[in-house]
Protein chains: 2
Amino acid sequence: MKVVNPLRADAVRNRERIADIARQLFREKGYDAVSMDEVAKTAGVGIGTLYRHFPTKEALYDAAIQAWVETVNAAAEKSLASEGAPRDRLLAWFEAYVEFLTRHKGAAWRITSALGDDDSPFAAKCRTYLNANQRVIDTLASEGALRADVDAMQLCRLVGGVAAVVDNSELAPDAARSMLAVVADGVLAG
Amino acid sequence: MKVVNPLRADAVRNRERIADIARQLFREKGYDAVSMDEVAKTAGVGIGTLYRHFPTKEALYDAAIQAWVETVNAAAEKSLASEGAPRDRLLAWFEAYVEFLTRHKGAAWRITSALGDDDSPFAAKCRTYLNANQRVIDTLASEGALRADVDAMQLCRLVGGVAAVVDNSELAPDAARSMLAVVADGVLAG
DNA sequence: CCACGATACGGAGGGTCCCTCCGTTTAGCA
DNA sequence: TGCTAAACGGAGGGACCCTCCGTATCGTGG
């Protein structure tokens, strides 16, 4: 028998090209404004091929935004490692977090919406974010800078909510920063 | 000539029945889960009739959630009129605000998304909300309880973001309250 | 009371989605 | 080179929002 286990070369090629094109399109136009037909046509494959590689549009989206999610942990470490006051470091993390979430239009709301849902295609990304926030909380809490009842899920939701609004209304960084300052002060207080 | 200016009796009847049914359906199932066909069928009218009265789905939604929006000002007054500390009154207002926004599934995000957009069908509702928040800010600021750089738009976005997350993830009131406490403390601080 | 015209009704169908199904083509081992 | 498992491609199904237009109804002037 001729069991060919690894993916065929053309399949690998197509999968990568589709993911690249999708990343580009989603980033430019946002989730809703990109149709699966458009991705297939731009990538030069049939719609059937697209769906063979990515069973739903959300799965494609998940693959398209995969790369940058993986750098989130590094960003958390970097924000925390700096020398400044807890408030400054927390704000730096928040800003990095919002910058990540808003890098692809529509991602902030989609990911924040999926926060409690284990069945979502974004569940893995949510866990990454939760862990990063937990690390930030642990670090600042060990310095006694945080109020006691803050948890990672709550923080993800608060900052994710801000990110979603910033993304949707295309707010300037200043507007985002002033909203994040409110959240940071609220979390540090008490 | 026979110019019949006022609406015909059947038209008035249908308009009201459609709005009633739509309010009920939107409230039960949320914006996305209700189709225009479903509204028409449930109301017992043709799809053409529905669109004669409400030119888009968003216009229908706007009409469906009209009634409760108008009571928001009363809620603001009531929250402010109580005797408690500024923090308690602010929190009471936030909770009332979130309760309003989450009363119809999907409304929080849609309205908060429309905050800067004058062309949105929800523009009028946004103005109502902004004014209510402005009144709250003015009252508390006159007591010196607020940080200086808080504005109504920012507050609408912050609390609207929390409301959207609460609505989408169907969080318990406790979870909402703890997030709102963070925002309130952040706004009062400094 | 009736006839007639302005008004409103209803649903077929257009355009756009996401996604499925299946006949056709291709890769790659023996 | 022949053959089979794997991959491809696109027609089309079903759902959606919305438009268009022939048909039915309302309500007034005669």
Side-chain angles (χ1 to χ4, degrees), chain A residues 1-22 25-26 28-64 105-106 110 113-114 119-122, chain B residues 1-22 25-26 28-64 105-106 110 113-114 119-122:
Chain A
M1 57 191 80
K2 319 170 171 209
V3 180
V4 181
N5 243 355
L7 265 59
R8 256 167 52 174
D10 53 346
V12 174
R13 262 201 316 274
N14 278 333
R15 188 175 213 290
E16 282 177 5
R17 186 155 78 257
I18 291 170
D20 280 350
I21 292 289
L25 288 175
F26 281 136
E28 281 170 11
K29 310 167 69 168
Y31 184 88
D32 288 336
V34 175
S35 77
M36 293 299 263
D37 281 355
E38 179 181 7
V39 173
K41 189 165 291 183
T42 309
V45 301
I47 189 73
T49 301
L50 199 173
Y51 276 93
R52 156 170 291 272
H53 289 295
F54 305 98
T56 66
K57 188 179 182 185
E58 291 210 316
L60 173 61
Y61 193 63
D62 182 70
K105 213 165 170 1
R110 295 196 110 68
S113 291
D119 298 334
S120 161
F122 305 128
Chain B
M1 55 189 82
K2 314 161 176 219
V3 179
V4 181
N5 243 354
L7 266 60
R8 256 167 52 174
D10 54 346
V12 174
R13 261 199 318 273
N14 278 333
R15 188 177 215 288
E16 283 176 5
R17 185 154 79 256
I18 291 170
D20 280 349
I21 292 288
L25 288 175
F26 281 136
E28 282 169 11
K29 310 167 66 166
Y31 183 88
D32 288 336
V34 174
S35 77
M36 293 300 262
D37 281 355
E38 179 182 6
V39 173
K41 189 166 290 184
T42 309
V45 301
I47 189 73
T49 301
L50 199 172
Y51 276 93
R52 158 170 290 271
H53 289 294
F54 305 99
T56 66
K57 188 180 182 183
E58 292 211 313
L60 173 62
Y61 193 62
D62 184 69
K105 212 163 169 4
R110 295 197 109 69
S113 290
D119 298 333
S120 161
F122 306 129

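Keep in mind that the numbers below use all heavy atoms, side chains included, and drop hydrogens, waters and symmetry copies. Letters go in sequence order (proteins before strands), and every chain restarts at 1. It should be emphasised that the depicted structure is a prediction, and the values quoted were computed from it without experimental measurement.
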**OP:** Grab the two heavy atoms, one from B:Gly106 and one from B:Tyr61, that are nearest each other, plus how far apart they are.
**Re:** C-OH, 3.6 Å
Donor-acceptor pairs under 3.5 angstrom involving side-chain atoms of residues 44-56 of chain A: please list them, not counting sequence neighbours.
unit_1: A:Thr56; atom_1: OG1; unit_2: A:Glu58; atom_2: N; d: 3.4
unit_1: A:Thr56; atom_1: OG1; unit_2: A:Ala59; atom_2: N; d: 3.0

**OP:** Ignoring backbone atoms, establish whether A:Thr49 has a side-chain N or O less than 4.0 Å from OP1 or OP2 of D:dA7.
**Re:** no
Original post:
Going from CZ on A:Arg8 to CZ on A:Arg13, what distance comes out if it is rounded to the nearest 0.5 angstrom?
Top reply: 10.0 Å
**OP:** For DNA chain C, determine which residues of residues 10-21 of chain B have any heavy atom closer than 4.0 angstrom to one of its atoms, and list them numerically.
**Re:** B:Asp10, B:Ala11, B:Asn14
**OP:** Calculate the interatomic distance between A:Ile47 atom CD1 and C:dC22 atom C1'; express it in whole Å.
**Re:** 16 Å
**OP:** Report the residue (B:Ala33 or A:Val45) whose heavy-atom-nearest nucleotide on DNA chain D is the more 5′ of the two.
**Re:** A:Val45
**OP:** Of all the heavy-atom pairs spanning A:Val39 and A:Ala22, show the shortest one and how long it is.
**Re:** CG1-CB, 4.3 Å
Original post:
How many Å lie between CG on A:Leu7 and C1' on C:dG28, as a whole number?
Top reply: 14 Å
Original post:
Do any pairs count as a side-chain hydrogen bond (donor to acceptor under 3.5 Å, both in side chains) and have a residue in residues 28-39 of chain B, sequence neighbours left out, and if so which ones?
Top reply: B:Lys29-B:Glu38
**OP:** Rounded off to whole Å, could you give me the CZ-to-P distance for the A:Arg52 and D:dC8 pair?
**Re:** 7 Å
**OP:** Establish whether the base of D:dA7 is bridged to the side chain of A:Arg8 by a donor-acceptor pair shorter than 3.5 Å.
**Re:** no
Original post:
So does A:His53 get a side-chain nitrogen or oxygen closer than 4.0 Å to the phosphate oxygens (OP1/OP2) of D:dC8?
Top reply: yes
Subject >> Interatomic distance, A:Lys41 NZ vs D:dA11 P [rounded to whole Å] >> reply: 10 Å
Original post:
Taking CG from B:Leu50 and C1' from C:dA8, how many angstroms apart are they, rounded to a whole number?
Top reply: 14 Å
Original post:
What residues form a side-chain contact (heavy atoms from CB on, under 4.5 Å) with A:Asp20, not counting sequence neighbours?
Top reply: A:Arg23
Original post:
With a non-hydrogen cut-off below 4.0 angstrom, is B:Ala40 in contact with a base, only sugar-phosphate, or nothing?
Top reply: nothing
Original post:
Of all residues at least two apart in sequence or in a different chain, which pass the salt bridge (Lys or Arg N to Asp or Glu O under 4.0 Å) check with A:Lys105?
Top reply: A:Glu170
Enumerate the protein-to-nucleotides 15-18 of chain C contacts in which both atoms are nitrogen or oxygen and the separation is below 3.5 Å.
unit_1: C:dC18; atom_1: OP1; unit_2: A:Lys57; atom_2: NZ; d: 2.8
unit_1: C:dC18; atom_1: OP2; unit_2: A:Met36; atom_2: N; d: 2.8

